[in-house]
Amino acid sequence: MSHGVRLLISGDRACFTRPEMKVERVSYDVITPSAARGILEAIHWKPAIKWVVDAIHVLKPVKFQSVRRNEVKDRASSVNARRVMNGQSSNPLYIDVAESRQQRAALILTEVAYVIEAHFVMTERAGEGDSAAKHLDIFNRRAVKGQCYQQPCMGTREFEAYFSLVPHDQPLPAAIRETRDLGFMLWDIDHASPGMPSMFFRARMIDGVIAVPPPGSEEIAR
């Protein structure tokens with residue numbers, strides 16, 4: 001595929017939170033396709049393209065660690081911010097962190113590394129100056145130089161993701177020799193859907209590689 005990419009990502013820690021865990025944070029065994037797409041978009045994204053993750057190569061054994069993390073349970077209200085800006089309210093814009101802080105247990109991953117195989121498709125918002133070759137060249141240049149619009153992360157902002165491009169003329173790093181059924185995993189979230197926005201698929205790791213079903217596949221369920 002002419003506009004496909006291969007990106008090596010790694011990190012000291014990661015937490016790809018299972019949505020069914022409401023109180024404590026529990027990570028999936030490996031990175032989810034939606035998190036992988038987020039890393040690609042952090043390097044290069046425009047309305048003219050849409051990233052599609054094809055496969056995930058797991059390069060290091062799955063290792064969990066239990067930690068306790070400080071979290072803030074509240075967030076700033078956009079409604080209150082607009083009222084303050086319009087002079088309709090005198091409430092503070094900030095959050096009282098001391099009052100909102102709470103400590104939660106989390107089951108996270110440690111020493112993670114993956115290769116994301118992905119491609120992008122042109123959207124209906126592409127203009128006359130947009131082409132697959134142009135956006136592929138932009139992504140490759142930015143990935144080689146370590147440039148990004150925002151620092152990619154391994155599930156949460158505090159867990160930084162390091163990335164580098166794997167050229168197509170070079171072999172992929174060896175994946176772990178492990179096969180396991182990972183159960184139902186989050187594929188992506190359809191924010192435009194009024195009903196069930198979360199989409200899942202049955203993830204199977206075969207010799208360290210997870211094949212991700214394409215959009216519209218019957219393997220994807222809500």
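Along the sequence shown, the residues carry numbers beginning at 1.
- In summary, R202 and D181 engage in a salt bridge, as defined by a charged side-chain N under 4.0 Å from a carboxylate O.
- Other residues, nucleotides and ligands place more than 12 heavy atoms under 6.0 Å from the NZ atom of K60.
- A donor-acceptor pair under 3.5 Å is formed between the side chain of R6 and the backbone N or O of Q170.
- Contact check for F64 versus T110: no side-chain heavy atoms found under the 4.5 Å cut-off.
- Tracing side-chain contacts under 4.5 Å through hydrophobic residues (I, L, V, M, F, W, Y), one reaches L136 starting from L7; they form part of the same cluster.
- The two atoms that bring A42 and Q150 nearest to each other are CB-O, 3.5 Å, heavy atoms only.
- Here the side chains of F159 and C153 are not in contact, with every heavy-atom distance at 4.5 Å or above.
- Comment: D29 engages R180 in a salt bridge, judged by a side-chain N to carboxylate O separation of less than 4.0 angstrom.
- Minimum interatomic distance between I108 and S27 (heavy atoms only, all atoms of both residues): CA-CB, 4.3 Å.
- Under a hydrophobic clustering in which Ile, Leu, Val, Met, Phe, Trp and Tyr are joined whenever their side-chain heavy atoms come within less than 4.5 Å, directly or via other members, I31 and V209 fall into different clusters.
- The aromatic ring centres of W45 and F120 sit 6.0 Å or more apart.
- E24 places a side-chain N or O within 3.5 Å of a backbone atom of A105 that can act as its donor or acceptor partner.
- For P214 against I220, the heavy-atom pair with the smallest separation is O-CD1, 3.3 Å.
- Results of the side chain to side chain contact (heavy atoms under 4.5 Å, CB included) test with L59 over L172, L8, V112, I176 single out L8 as the only residue that passes.
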Decide side-chain contact (heavy atoms from CB on, under 4.5 Å) for D188 and R37; before the verdict, give the C-alpha distance in whole Å, the side-chain angles of both, and the deciding distance to 0.1 Å.
CA-CA 9 Å; D188 212 332; R37 177 179 56 79; 2.8 Å; yes

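- Side chain of S34 to main chain of I189: no donor-acceptor pair is present (N/O by atom type, distance under 3.5 Å, no hydrogens or angles).
- One hydrophobic cluster, built from ILVMFWY side chains closer than 4.5 Å, holds both L109 and L182.
- By the 4.5 Å heavy-atom criterion applied to side chains, T179 and D207 are counted as neighbours.
- When atom types are taken as modelled, the side chain of E160 and the backbone of Q151 share no donor-acceptor pair closer than 3.5 angstrom.
- Residue-environment remark: CZ (R13) stays at or below the threshold of 12 foreign heavy atoms within 6.0 Å.
- Listed for the N140 side chain is no donor-acceptor partner under 3.5 Å among the backbone atoms of D137.
- Heavy-atom minimum distance, M185 versus P33: SD-CD, 3.9 Å.
- A pairwise comparison of heavy atoms in H44 and I49 identifies CD2-CD1, 3.8 Å as the closest pair.
- Under the 4.5 Å side-chain heavy-atom criterion for grouping Ile, Leu, Val, Met, Phe, Trp and Tyr, I116 is connected to V62 within one hydrophobic cluster.
- No side-chain heavy atom of V115 sits under 4.5 Å from any side-chain heavy atom of I9.
- Atom CZ of R204 has more than 12 neighbouring heavy atoms from other residues, nucleotides or ligands inside a 6.0 Å radius.
- Residue F16 comes nearest to G155 through the heavy atom pair CE2-N, 3.6 Å, listed as atom of the first residue, atom of the second, then distance.
- Geometrically, R142 does not engage F163 in a cation-pi contact, judged by NZ or CZ lying under 6.0 Å from the ring centre and within 45° of the ring axis.
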